[in-house]
Number of protein chains: 2
Amino acid sequence: MEKKNVKEIAKLAGVSTATISRVINNNPNVKESTRQHVLEIVNKYGFKPDRLAKNLRTKKSYTLLVLIPTVENPYFAEIIRGINEKVYNTKYEVIIGTVEHKRNSMEIFLDLLKTNQIDGAIFVSSSIDKSQLINIKDKKNIVLCNEYIEGMDISYVCINNLLASYEATKKLIESGCKNLCYLAGRKKSISSEKRKLGFQKCLDEYDITSSAEHVIYGPNSIESGYESMKKIHDSNIKFDGILVNSDLKAAGVIQYLKQKDFKIGEDVKLICFDGTFVSEIITPKITTINQPGYIIGQKSLELLVNQLEDSECDFQSIIVEHEIKKGETL
Amino acid sequence: MEKKNVKEIAKLAGVSTATISRVINNNPNVKESTRQHVLEIVNKYGFKPDRLAKNLRTKKSYTLLVLIPTVENPYFAEIIRGINEKVYNTKYEVIIGTVEHKRNSMEIFLDLLKTNQIDGAIFVSSSIDKSQLINIKDKKNIVLCNEYIEGMDISYVCINNLLASYEATKKLIESGCKNLCYLAGRKKSISSEKRKLGFQKCLDEYDITSSAEHVIYGPNSIESGYESMKKIHDSNIKFDGILVNSDLKAAGVIQYLKQKDFKIGEDVKLICFDGTFVSEIITPKITTINQPGYIIGQKSLELLVNQLEDSECDFQSIIVEHEIKKGETL
DNA sequence: CTGAAAGCGCTTACAG
DNA sequence: CTGAAAGCGCTTACAG
């Protein structure tokens, strides 16, 4: 059966294309009997209006972009689950983009926006370039997720990174750690920097001096965790407490420590961010700062849709609760 | 700066919209000096043609859908990496869709296709309904990945599941296992069924009888692995060798076995499919049948693009090499 | 309540 | 080599 367009359906139903369009878009100004008749034909031929034409005409795509750094990290899976769950009740559709192998995330977004392919975007843990963001007049079509830029009119959803990091560091210190390290994310990540501040604040309060070497930057991968730990160890830096920026990275750290026969949880205590299944399947189970990705995803989507639908809607920053999930590494 | 359209750019450049279009689309029939001039204006205003209008006009969207069951399983990340890598050199763009929370995968695809939003799709490990597929006249715009349907004109890329499973089972038997179980995927999954056949074929050859209870179906999740293992144990089924349909599921199996103090690798040997980082970070490291997701992704994309571009191109089935990666569970 | 007609922003035969 | 004009498939004021 060939694909039909409005014109053909209109002819088949013996009405104008305007009427078909009205019925399809639930315009109330249609006689009930006409509506029924049209619906019959529409269903009979399985007619679906061409989205391209529709979007072109209405200047809305009802498509949102979710940009994640990589699909490799299960933490993003939780966020996407939350987003998918909520988007289901809206008129919008979501497409997922990954930044790996591509040019700058901001460019992808701007291109898609310029060419009218999307109405808005959620940037998940994306290292946003502040300078690029400034050029966008209206930031109502963006929501940042896990990241934020202060002093700018832009909405975001995340945990209180500074506090979470402070609390975790405190736990390490109170359980006896004296030599602490923080395995940070990339330097550009504002969340990671906030966590560094919380870490340092706590060290200051307890009068523990940490030299610059105790913070090591790197991507949130297993390999990077392994390498960072090796680097610390090879440099003969003393350590008995480690704060790690992600589950995945912590997995690499544990790999290294086990290989070198450290007694994890005793000689070395460890706590990390995220709280995905990775922290649970590893032996020993990792004590982790759970970020409720599912909720973060849901809230991000709600926020974005509200901003797109309601021009009065103001920028919001939503802080969701984190929680320390006890494992065997602390 | 307001968004400009061809008409405005044409006026600015002092040429017709046709010429702008020709320059943008690299049509050779443009005087070099005109081209240069137009390009200058185009770049000056950062003009990008509206994709909706372009696609509507050309009846091509140059967008491909990659449908995965869930973003939770890192194995799919590898496939997506492969796809992304290859798509970069083509005119196409890829959007990722997940089936969780949604109606039937086939419907999503058909809808997007009907409404001209995509040109084709790669179904990754999707449980395709054969009956629905039959209704599609031309299956050139589909490539199956990890799954396949036999006796139908449709391309696919996967490992030799029967053989891989046979080999793994053989390894279990040759290392002394006498009571074997297979923790299968969903019943609808043809790959999983092929693996079952390989498993059974091997048991037959070694004259080991396996009753129906030794194959347990369930989704590829940690929870399902844990529950299946518990079920087997609770039923007092004897087992000393387990073949598992995925890394993630094996993680759950190991969780259960450790909890019950089995000596994994000794009392119980285990081998699973996939070969993601999950099999490496778990203690003990899992012996796994590595499926080269990255390559599978690359090949799938190449195949799909070839089929879309070249109407002469015939259906193909590509079998990629698997490899058993030794861990500590066998 | 309904239809004729314009127009969204492109591309592409067609004519020159 | 270039432009005027048609048309992709919709939706939506406008008129009745």
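What's counted below: heavy atoms across the whole structure, side chains too, no hydrogens, waters or symmetry copies. In the text below, chain A, chain B and the rest are named by the order of the sequence lines, each starting its count at 1.
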Whole-Å distance between D:dT11 C1' and A:Lys60 NZ?
-> 16 Å

To the nearest Å, how far apart are A:Asn27 CG and C:dT2 P?
-> 11 Å

Look at all strands and tell whether B:Lys59 reaches a base, only sugar-phosphate, or nothing, counting heavy atoms closer than 4.0 Å.
-> sugar-phosphate

Contact class for A:Asp50 (heavy atom, under 4.0 Å): base, sugar-phosphate, or nothing?
-> sugar-phosphate

When you check the phosphate oxygens OP1 and OP2 of C:dG3, does a side-chain N or O of A:Thr19 lie under 4.0 Å from one of them?
-> yes

More than 12 foreign heavy atoms under 6.0 Å from NZ of B:Lys48: is that the case here?
-> no

Whole-Å distance, B:Glu32 CD to D:dT2 P, equals 11 Å

Between atom CG in B:Asn116 and atom P in C:dC10, what is the gap in whole Å?
-> 19 Å

Take the protein atom CZ of A:Arg57 and the nucleotide atom P of D:dT11, then report the distance between them rounded to whole Å.
-> 9 Å

Electrostatic pair A:Arg51:B:Asp111 at N-O distance under 4.0 angstrom = no

Using distance alone, with no hydrogens and no angle criterion, decide if A:Gln36 and A:Glu40 have a side-chain donor and acceptor under 3.5 Å apart.
-> no

Take atom CG of B:Leu52 and atom P of C:dC8, then tell me their distance rounded to the nearest Å.
-> 14 Å

Complement of C:dA15, any strand, by Watson-Crick or G-U distances under 3.5 angstrom | D:dT2

In whole angstrom, give me the gap between the P atoms of C:dT2 and C:dA6.
-> 23 Å

Quick note, A:Pro49 side chain, CB onward, closest among D:dG9, D:dC10, C:dA5 is D:dC10

When we call it a touch if two heavy atoms are under 4.0 Å apart, what does B:Asn29 touch: a base, just sugar-phosphate, or nothing?
-> base

Return the value, rounded to whole Å, for the distance between atom CD of A:Glu8 and atom P of D:dG9.
-> 8 Å

Do A:Glu147 and A:Ser189 meet the criterion of a side-chain donor-acceptor pair at a distance under 3.5 Å?
-> yes

Let me know, please, whether B:Ser33 or B:Ala53 comes out on the 5' side of the other along DNA chain D by nearest nucleotide.
-> B:Ser33

Using the six-membered ring wherever Trp is involved, compare the ring planes of B:Phe109 and B:Phe123 and label them parallel, tilted or perpendicular (cut-offs 30° and 60°).
-> perpendicular

Taking only the side-chain heavy atoms of B:Val30 (C-beta and beyond), determine which of C:dG3, C:dC10, D:dT2 contains the nearest atom.
-> D:dT2

Whole Å only: how far is the CG atom of A:Asn25 from the P atom of C:dT2?
-> 16 Å

Between D:dC1, C:dC1, C:dC10, which nucleotide gets closest to the side-chain atoms of B:Val6?
-> C:dC10

Within the structure shown, what part of the strands sits under 4.0 Å from A:Asn55 by heavy-atom distance: base, sugar-phosphate, or nothing?
-> nothing

Selected nucleotide, minimal atom distance to A:Arg22 side chain, candidates C:dG9, C:dG3, D:dT2 | C:dG3

So which nucleotide from D:dT11, D:dG9, C:dC10 ends up closest to the side chain of A:Thr17?
-> D:dT11

Would you find more than 12 non-hydrogen atoms of other residues, nucleotides or ligands less than 6.0 Å from B:Lys60 atom NZ?
-> yes

Can you check whether A:Thr58 has a side-chain N or O nearer than 4.0 Å to OP1 or OP2 of D:dT12?
-> no

How would you label the contact of B:Ser21 with the nucleic acid (heavy atoms, under 4.0 Å): base, sugar-phosphate, or nothing?
-> base

